[in-house]
**Q** 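Provided herewith is a single structure, encoded as structure tokens, for subsequent inquiry.
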Amino acid sequence: PQSVKDEVILPRYVRVNLLKSTVDDVIQTFIEESYHCILSREQADTKRKEARNADDICKIHANLLTTLEPHQFMCDVHLEDLLVFPPATDFHDHHLYKTGAIILQDKASCLPAYLLAPPPGSHVIDACAAPGNKTSHLAASLKNTGKVFAFDVDPKRVSTLSKMTALSGATNVEIINQDFLKVNPGEERFSNVRYILMDPSCSGSGIVSRLDHLTNDSQSDSTERLEGLAAIQAKLLGHALSFPHVERVVYSTCSVHQTENERVVLQVLASRTNFELELALPTWKNRGICVVDDNVPMETSLKTGSPDVSACLRAVPKEDCTNGFFVAVLKRKIMSAKQEQ
Ligand code: SAM
């Protein structure tokens, strides 16, 4: 498995909560507080457009980060609503954080809602929602219209989800404390759901700040544990795909293990041939990998005609300067009338 243990210090990513403010207003506030913006939104867009390929964009991002000094920040080269500050920056006491105008969220964790991209007015399910960073991002994508059904099985985490949702200013979110596996996809109230975000519990092996010295790593990431997690992840993803009108599902984890990532996606798609992988964020360098890993042969992937997992996205801490992360975008295939019969 990929190692994320060698010293990687992540920058401080700040997502502007578009339900409460605008990118321009937040930038202006920081400038008034004597922060210096070294790369404007327009300059970041130009850098991305002028880059030769995704590899280049990855390098540009990493190089710019090395130039960031205290009290400087830049606009992110991929995500419009994201600002990047030097690693030691602490905004937990900042008024923009306390009022919910900014959300302290790692760049990789902003990708799932960005890639699901539900348009205003649509109905969305956030199947494993707590503590709710992606829920408010989805609500912002909907511009507070339509509906987000936000499920979580854990009552304590649901209470955090409620608080965070209220602080974010989202008014289109219905929070439901329920096991998503027990939700009936045929229920009338879900009949307009076209978008589902599936961000289930995982090993967390991609989290750079994970205190590995406090855990016995070989035990916490044992094959047995990963297989157990993967079995639940596959069930959850399969359940999401069973919603009758769902068109687009994003599956994400903060795990580096193929067992929880590519293998789950391939296993589920093997029996759901009406869905396919979409190329997730073509401007992103690191892709899903298809080699034997985690001591288990990837027999599913070796079958001819199985989906190409390089359509999935991987965030690699050392290169992408984020936590280790995996995102797959699954979309319903467009069937001809004949095929549907
Ligand atoms: N999406 C969240 C965010 O961005 O803030 C993080 C989700 S966290 C990785 C996984 C969550 O899934 C946990 O809060 C856990 O309680 C919830 N969960 C696990 N199994 C579930 C199930 N069967 N139904 C609903 N929620 C579940």
Side-chain angles (χ1 to χ4, degrees), residues 13-15 17 19 79 81-82 97 100 102-116 118 124-141 148-168 170 173-185 187 190 193 195-210 220-221 225-226 228-243 249-257 260-261 264 268 315 322-329:
Y13 290 104
V14 168
R15 177 167 68 78
N17 176 13
L19 295 167
L79 301 176
D81 52 358
L82 200 66
Y97 174 70
I102 60 169
I103 290 172
L104 305 179
Q105 186 173 357
D106 181 53
K107 177 174 178 176
S109 134
C110 296
L111 295 171
Y114 173 75
L115 289 171
L116 189 62
V124 183
I125 286 179
D126 188 356
C128 294
N133 280 339
K134 298 181 188 79
T135 314
S136 60
H137 203 184
L138 290 170
S141 178
V148 182
F149 298 98
F151 290 93
D152 205 282
V153 71
D154 182 331
K156 263 199 192 152
R157 291 175 67 95
V158 164
S159 113
T160 312
L161 173 62
S162 303
K163 283 184 205 138
M164 285 196 56
T165 304
L167 179 64
S168 77
V173 177
E174 182 178 337
I175 294 169
I176 307 168
N177 183 194
Q178 196 182 335
D179 180 346
F180 180 66
L181 289 173
K182 297 204 174 119
V183 177
N184 175 4
E187 251 187 72
F190 305 128
V193 170
Y195 299 85
I196 299 182
L197 187 73
M198 177 51 70
D199 184 43
S201 302
C202 71
S203 62
S205 50
I207 304 286
V208 167
S209 59
R210 198 172 72 159
S220 62
D221 280 0
R225 175 167 184 252
L226 295 181
L229 284 164
I232 300 167
Q233 290 155 350
K235 259 194 202 165
L236 283 161
L237 180 56
H239 195 59
L241 298 186
S242 73
F243 279 67
V249 175
V250 165
Y251 173 77
S252 58
T253 74
C254 54
S255 165
V256 297
H257 298 295
E260 298 177 88
N261 296 332
V264 166
V268 172
T322 66
N323 283 312
F325 214 81
F326 175 84
V327 188
V329 181

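Residues take their numbers from the sequence shown, with the count starting at 1. Remember, it's 1-based here, ligands and their atoms both numbered in the order they're listed.
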**Q** Judged by modelled atom types alone, do S205 and S203 share a side-chain donor-acceptor pair under 3.5 Å?
**A**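 Short answer, yes.
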**Q** Starting from atom 17 (C) of ligand 1, which protein heavy atom do you reach first, and at what distance in Å?
**A**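 Going atom by atom, the protein heavy atom closest to atom 17 (C) of ligand 1 ends up being D152 OD2, 3.2 Å.
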**Q** What is the closest protein heavy atom to atom 1 (N) of ligand 1, and at what distance does it sit?
**A**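 The closest one turns out to be D199 OD2, 2.7 Å.
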**Q** Going by distance only, is there an N or O of A130 that falls short of 3.5 Å from an N or O of ligand 1?
**A**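 Among all N and O atoms of A130, at least one is under 3.5 Å from an N or O of ligand 1.
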**Q** Determine yes or no for a side-chain-to-main-chain donor-acceptor pair under 3.5 angstrom, with N177 supplying the side chain and V153 the backbone.
**A**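 Yes; at least one donor-acceptor contact below 3.5 Å.
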**Q** Provide, to 0.1 Å, the distance between atom 4 (O) of ligand 1 and the closest protein heavy atom, together with that atom's residue and name.
**A**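 Protein heavy atom with the smallest distance to atom 4 (O) of ligand 1: K134 NZ, 2.8 Å.
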**Q** Among all protein heavy atoms in this structure, tell me which lies nearest to atom 18 (N) of ligand 1, with the distance rounded to 0.1 Å.
**A**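 Sorting protein heavy atoms by distance from atom 18 (N) of ligand 1 puts V153 CG1, 3.8 Å first.
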**Q** Please state which protein non-hydrogen atom is closest to atom 19 (C) of ligand 1 and give its distance, to 0.1 Å?
**A**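 Going by distance alone, atom 19 (C) of ligand 1 is nearest to S201 OG, 3.4 Å.
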**Q** Examine the proximity of ligand 1 to D126 and report which part, side chain or backbone, both or neither, has a heavy atom under 4.0 Å away.
**A**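 The answer is neither; D126 stays 4.0 Å or more away.
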**Q** I'd like to know if the side chain of R157 and the backbone of A130 have a donor-acceptor N/O pair within less than 3.5 Å.
**A**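 Yes: the side chain of R157 pairs with the backbone of A130.
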**Q** What atoms in ligand 1 come closer than 4.0 Å to a heavy atom of D179?
**A**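 Result: 22 (C), 23 (N), 24 (N).
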**Q** Consider only side-chain N and O atoms of S168 and N17, and report whether a donor and an acceptor are under 3.5 Å apart.
**A**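 No.
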**Q** Determine whether a donor-acceptor pair (N or O, by modelled atom type, separation under 3.5 Å) exists between the side chain of H239 and the backbone of V183.
**A**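 Indeed, once roles are kept as given, a pair shorter than 3.5 Å links the two residues.
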**Q** Which atoms of ligand 1 sit under 4.0 Å from any heavy atom of P200?
**A**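 Per the distance check, 9 (C), 10 (C).
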**Q** Please confirm whether the backbone N or O of D199 pairs with a side-chain atom of S252, one donor and one acceptor, at under 3.5 Å?
**A**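 Checking the backbone N and O of D199 against the side chain of S252, no donor-acceptor pair under 3.5 Å is found.
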**Q** Can you confirm, on distance only, whether ligand 1 has an N/O atom lying under 3.5 Å from any N/O atom belonging to R157?
**A**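 Yes: some nitrogen or oxygen of R157 is under 3.5 Å from one in ligand 1.
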**Q** Out of D152, V148, V124, L197, which residue meets the side chain to side chain contact (heavy atoms under 4.5 Å, CB included) rule with T135?
**A**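 The passing option is V148.
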**Q** Hey, which atoms in ligand 1 end up nearer than 4.0 Å to a heavy atom of L236?
**A**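 Those of ligand 1 that fall under 4.0 Å from L236 are 23 (N).
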**Q** Tell me whether K182 reaches ligand 1 (any heavy atom closer than 4.0 angstrom to a ligand atom).
**A**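 Under 4.0 Å: no for K182.
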**Q** Tell me which one of A150, C128, A129, C110 gets a heavy atom nearest to atom 3 (C) of ligand 1.
**A**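 When every heavy atom of A150, C128, A129, C110 is considered, A129 comes closest to atom 3 (C) of ligand 1.
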**Q** Measure from the side-chain N and O atoms of S159 to the backbone N and O of P155, and report whether any donor-acceptor pair falls under 3.5 Å.
**A**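 Flag not set: sc S159 to bb P155 has no pair under 3.5 Å.
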**Q** For A127, counting its heavy atoms only, list the atoms of ligand 1 lying under 4.0 Å from any of them.
**A**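 Reading through ligand 1 atom by atom, the close ones are 25 (C), 26 (N).
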**Q** Has D106 got a side-chain atom pairing as donor or acceptor with N323's backbone, closer than 3.5 angstrom?
**A**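 Indeed, once roles are kept as given, a pair shorter than 3.5 Å links the two residues.
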**Q** Below the 3.5 angstrom mark, is there an N/O of F180, backbone or side chain, next to an N/O of ligand 1?
**A**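 Yes, F180 has an N/O under 3.5 Å of an N/O on ligand 1.
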**Q** Please state whether the rings of F243 and F190 are parallel, tilted or perpendicular, taking 30° and 60° as the class boundaries.
**A**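 It falls in the perpendicular class, over 60°.
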**Q** Atoms of ligand 1 less than 4.0 Å from G132 heavy atoms?
**A**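 Numbered from 1, ligand 1 contributes 3 (C), 5 (O).
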**Q** Relative to the heavy atoms of D154, which atoms of ligand 1 are at a distance of less than 4.0 Å?
**A**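 Taking each heavy atom of D154 in turn, ligand 1 has 16 (O) under 4.0 Å.
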**Q** Would the distance check show the side chain of Q105 and the main-chain N or O of Y13 forming a donor-acceptor pair, the cut-off being under 3.5 Å?
**A**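 Absent.
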